[in-house]
Amino acid sequence: IYTVESSTFKIWSPAAVQAEIIFYTDGVGGKELKRAFMSKEKNGIWAVTINADMKGLFYVFRIKIKNKWLDEVPDPYAKAVGVNGKRAMVIDLKESNPGGWERDKSPVFKDKTDAIIYELHIRDASISPASGIKNKGKFLGLTETGTKNADGFSTGLDHIKELGITHVHLLPLYDFNSIDETKPDAKYNWGYDPLNYNVPEGSYSSNPYDGVTRIREFKELVKTFHENGLRVVMDVVYNHTALTETSNFNQLVPGYYYRQTKDGKFSNATACGNETASERPMFRKFMLESMKYWVEEYHIDGFRIDLMGVHDIKTMNLISAELHKIKPDILIYGEGWTAGPSPLPDSLRALKANAHKLNRIAVFSDDIRDGIKGSVFEHKDQGFASGKSGMEESIKFGVVAAVKHTQVDYNKVNYSKAAYAKEPYQTVTYAECHDNHVLWDKLAISAKDATEAERKEMHKLALSIVLTSQGISFLHAGTEFLRSKKEVENSYESPDSINAIDWNLKTENKEVFDYIKTLIKFRKDHPAFRMMDSGKISKHIRFDDDMPPGIISYSINGWANGDTWKNIRVIFNGTGKEQKILTSGTWRYAIRCNKFESDNKEHLMPNLVLSPYSCTVLYQK
């Protein structure tokens, strides 16, 4: 707690017999200036007040348990750190606010199903020479406007705005462990290895040595996004820490913050060496206060919770309730699974099967993801959009956003044998994310005998399914112009040559970009695709029976959700052949075989011709 006159420092360490604070001139190395013993207060808290202006100094804590002094560490609650996060820094947070910060407002956002999320890694967005961005790989790179590729097409922020999405989901931007901030270009990482949870990552700032710079520059990014109609979602990883025995948490309260197996070892449901214990009061408190801090101090609009299935339901619901009080339109979603077994029973954890027990929190639907493109675990496996039959029920399950629907045969859904969402806003509908192969590469591997032209149609069909399904829509950055990672499946530490978004692809695949951009606008224009109520989905959506294998046809009837169209019919052809299906009545085309139709004349349609791998949407006014 900083003031010009004094600073108070507190830690929680109930097992300590002594605790001290050490001050330094620099974030690493430098001169030790002062050390002071801390006083033990109630409930395991240690505190010290220094009566001087400590601004700009770096500090660490050290505790003694029994006869042993443990390593010096920054406070887990540190709000500013020096280079590589080794020492915390005393700052006046007000000095980190960019001009006009107090007037910063999030864009208006009504229903959770209105969200169209764009998942982006900060470095990937700008590092390519084709980006036309000056501050390459930095927070500030995403604040630049007027940037273009060599052919004059918009890149970076302008491109995201042009695409029309509502939320930018930024891969980890807190201070993570894997990058040496003194050499930020020497190595690449996604950042799922948390070091200091409440501090922005230094390698994304113009000066990682100064604790204020990284904060100000990230706030500048948030403010610029808000000014351009974009909301900011933060990818957070509270399920494990990069370090285990030597982590900030473990050096202050050994063992407490992590779950253990029966033999007393660190349990590992994350496959990262440890798993945090969200059910224990002080880690529950930490998660809640950390997320509140990002919302209040940085104006964050949402969170994506990594391996949310590690956390207990009670903690997640408490966090959701508190965050919704601060920001009623906040978006919270996460992975409803783990990477291994946990000692906490499944019934208590925020797993996908327990989504209906979660309060205004969504889970990713791997059912529709793998239904669309094939299993992420079997690289050559095809999905509905690339010609595999038998995936129809998994797609239908996703179309209704995993809520109960009498026409879905749950025995034939790939993973879930029952509806798990109570309402559609509890489901994130997607075909790909940073994990596993990007969609374009998955199609290249699994449908290698198809021509490139056929794979483009598959790609468009896949994203058509995502953007016409109920639930929250989610896109991986660059998918709108066929981004490739050169068939690397797990690119978390691959170089820029694999991960950088190649902005020349926007020129090469302009027709795909234009289709996806129009599809996003189409979804925004038609509330029938964005129902918030499972009762409305049951009432308005009817699947057509007796369709040939590889064809899904359904109607959204009766001016659903206040739509201007009385009836809408959506037909997906997941086969490699032209198909004809019987229809009746007079309809107009909105989308005709993966192309938007400008002619809105009425057509009498006894037969509907469907191109291979295509989406067609008809409507009646």
Side-chain angles (χ1 to χ4, degrees), residues 26-30 80-87 89 119-145 147-150 155-157 159-160 168-196 199-222 224-225 234-235 237 242-243 434-435 438 476-478 483-506:
D26 298 284
V28 284
V81 295
V83 70
N84 286 328
K86 303 293 184 201
R87 294 170 183 162
M89 186 181 182
E119 184 200 39
L120 181 67
H121 184 277
I122 287 158
R123 186 177 176 90
D124 294 359
S126 56
I127 203 71
S128 160
S131 72
I133 292 169
K134 293 192 194 76
N135 292 284
K136 287 186 166 39
K138 306 296 182 190
F139 291 130
L140 291 180
L142 279 166
T143 67
E144 295 178 34
T145 54
T147 62
K148 294 180 171 20
N149 70 6
T155 63
L157 171 61
H159 165 85
I160 297 167
V168 181
H169 159 160
L170 295 170
L171 262 66
L173 59 89
Y174 51 70
D175 184 45
F176 51 84
N177 191 53
S178 44
I179 301 295
D180 180 351
E181 294 173 359
T182 67
K183 296 180 239 162
D185 294 326
K187 196 177 162 195
Y188 176 97
N189 205 279
W190 282 341
Y192 290 93
D193 53 332
L195 192 62
N196 293 291
V199 183
E201 164 61 20
S203 67
Y204 296 149
S205 78
S206 63
N207 180 3
Y209 295 88
D210 169 48
V212 178
T213 302
R214 60 176 82 189
I215 298 174
R216 185 186 298 116
E217 290 177 348
F218 178 57
K219 285 179 176 177
E220 193 68 63
L221 182 156
V222 173
T224 305
F225 274 22
M234 188 175 167
D235 199 327
V237 186
L243 309 172
H434 64 278
D435 280 320
V438 293
H476 183 53
R483 180 185 185 178
S484 169
K485 291 185 181 177
K486 300 178 183 167
E487 298 187 10
V488 173
E489 184 203 5
N490 186 11
S491 67
Y492 79 101
E493 57 179 2
S494 298
D496 293 330
S497 56
I498 301 298
N499 283 298
I501 292 176
D502 177 2
W503 291 99
N504 291 323
L505 289 172
K506 187 171 180 183

S.K.: Under the ring-ring contact (aromatic ring centres under 6.0 Å, His included) rule, collect the residues that match up with Y192, sequence neighbours excluded.
M.R.: H434
S.K.: Under the side chain to side chain contact (heavy atoms under 4.5 Å, CB included) rule, collect the residues that match up with K136, sequence neighbours excluded.
M.R.: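 Testing K136 for side chain to side chain contact (heavy atoms under 4.5 Å, CB included), a comparison that skips the adjacent residues, returns I127, S131.
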S.K.: Side chain to side chain contact (heavy atoms under 4.5 Å, CB included) with N84: which residues, sequence neighbours excluded?
M.R.: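 For N84 the side chain to side chain contact (heavy atoms under 4.5 Å, CB included) partners, ignoring immediate neighbours, are K86, D180, E181, T182.
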S.K.: May I ask you to decide if S206's main-chain N or O and E217's side chain share a donor-acceptor pair within less than 3.5 Å?
M.R.: yes
S.K.: Would S491 and N499 count as a side-chain hydrogen bond (donor to acceptor under 3.5 Å, both in side chains) here? Give the steps.
M.R.: CA-CA 7 Å; S491 67; N499 283 298; 2.6 Å; yes
S.K.: Using the test side chain to side chain contact (heavy atoms under 4.5 Å, CB included), find all partners of T145 that sit at least two apart in sequence or belong to another chain.
M.R.: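 Expected list: L157, D158.
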S.K.: Keeping W503 on the side-chain end and G156 on the backbone end, is there a donor-acceptor pair under 3.5 Å?
M.R.: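 Flag not set: sc W503 to bb G156 has no pair under 3.5 Å.
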S.K.: Could you tell me whether the side chain of S126 and the main chain of I133 form a donor-acceptor pair under 3.5 Å?
M.R.: no
S.K.: Distance-only, no hydrogens or angles: does the N196 side chain make a donor-acceptor pair with backbone N or O of V81 under 3.5 Å?
M.R.: no
S.K.: What pairs with T143 under side chain to side chain donor-acceptor pair (under 3.5 Å), at least two apart in sequence or on another chain?
M.R.: none
S.K.: T224 and L142: side-chain contact (heavy atoms from CB on, under 4.5 Å), yes or no, with the steps?
M.R.: CA-CA 8 Å; T224 305; L142 279 166; over 6 Å; no
S.K.: What residues, two or more places apart in sequence or in another chain, satisfy salt bridge (charged side-chain N to carboxylate O under 4.0 Å, His left out) together with R483?
M.R.: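 R483 satisfies salt bridge (charged side-chain N to carboxylate O under 4.0 Å, His left out) with D124 once adjacent residues are dropped.
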S.K.: Is a side-chain N or O of E144 found less than 3.5 angstrom from the main chain of N135, in a donor-acceptor match?
M.R.: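 Side chain of E144 to backbone of N135: a pair is present.
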S.K.: Quick one: list whatever passes salt bridge (charged side-chain N to carboxylate O under 4.0 Å, His left out) with K138, sequence neighbours left out.
M.R.: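 Expected list: none.
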S.K.: Show your reasoning for whether side-chain contact (heavy atoms from CB on, under 4.5 Å) applies to L173 and F139.
M.R.: CA-CA 9 Å; L173 59 89; F139 291 130; 4.2 Å; yes
S.K.: Which pair of non-hydrogen atoms, one from I215 and one from A80, has the smallest distance, and what is that distance?
M.R.: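 In this case the closest contact between I215 and A80 is CD1-CB, 4.2 Å.
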S.K.: With sequence neighbours excluded, tell me which residues meet salt bridge (charged side-chain N to carboxylate O under 4.0 Å, His left out) with R123.
M.R.: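 R123: salt bridge (charged side-chain N to carboxylate O under 4.0 Å, His left out) contacts with D185, D496.
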S.K.: Sequence neighbours left out, what passes side chain to side chain contact (heavy atoms under 4.5 Å, CB included) with D193? Give chain and number order.
M.R.: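 Residues passing side chain to side chain contact (heavy atoms under 4.5 Å, CB included) with D193: F176, N177, S178, N189, A242.
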S.K.: To the nearest 0.5 Å, how far apart are CE in M234 and CG in L170?
M.R.: 9.0 Å
S.K.: Check whether the ring centres of H121 and Y492 lie less than 6.0 Å apart, and answer yes or no.
M.R.: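 No, ring centres 6.0 Å or more apart.
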S.K.: Has the side chain of D210 got a donor or acceptor atom that lies under 3.5 Å from a matching backbone atom of T213?
M.R.: yes
S.K.: Closest approach of Y204 and P172, non-hydrogen atoms and distance?
M.R.: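 Heavy atoms only, the tightest pair is CE1-O, 3.8 Å.
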S.K.: Applying ring-ring contact (aromatic ring centres under 6.0 Å, His included), can you list everything that pairs with F225, at least two apart in sequence or on another chain?
M.R.: none
S.K.: Measuring from D435:CG to H476:NE2, what's the distance to the nearest 0.5 Å?
M.R.: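 One finds 9.5 Å between CG of D435 and NE2 of H476.
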S.K.: Given side-chain contact (heavy atoms from CB on, under 4.5 Å), test V28 with D26 step by step and report yes or no.
M.R.: CA-CA 5 Å; V28 284; D26 298 284; 5.9 Å; no
S.K.: Where is the tightest heavy-atom contact between A477 and L120, given as atom of each residue plus distance?
M.R.: CB-CD1, 3.6 Å
S.K.: Could you state the interatomic distance from CD1 (I501) to CG (N149), rounded to the nearest 0.5 Å?
M.R.: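 Answer rounded to 0.5 Å: 13.0 Å.
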S.K.: Who pairs with S497 by side chain to side chain donor-acceptor pair (under 3.5 Å), at least two apart in sequence or on another chain?
M.R.: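 S497 satisfies side chain to side chain donor-acceptor pair (under 3.5 Å) with no residue once adjacent residues are dropped.
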S.K.: So, does D502 use its side chain to make a donor-acceptor pair with the main chain of S128 at under 3.5 Å?
M.R.: no
S.K.: Just jot down the salt bridge (charged side-chain N to carboxylate O under 4.0 Å, His left out) partners of K485, sequence neighbours excluded, or say none.
M.R.: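 Here no residue qualifies.
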S.K.: Find the distance between CD (E493) and CD1 (I179) and round it off to the nearest 0.5 Å.
M.R.: 9.5 Å
S.K.: Is it the case that the side chain of Y174 and the backbone of D235 share a donor-acceptor pair, with hydrogens and angles ignored and the cut-off at 3.5 Å?
M.R.: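 Flag not set: sc Y174 to bb D235 has no pair under 3.5 Å.
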S.K.: Please check: side-chain N/O of R214 versus main-chain N/O of N207, any donor-acceptor pairing under 3.5 Å?
M.R.: no
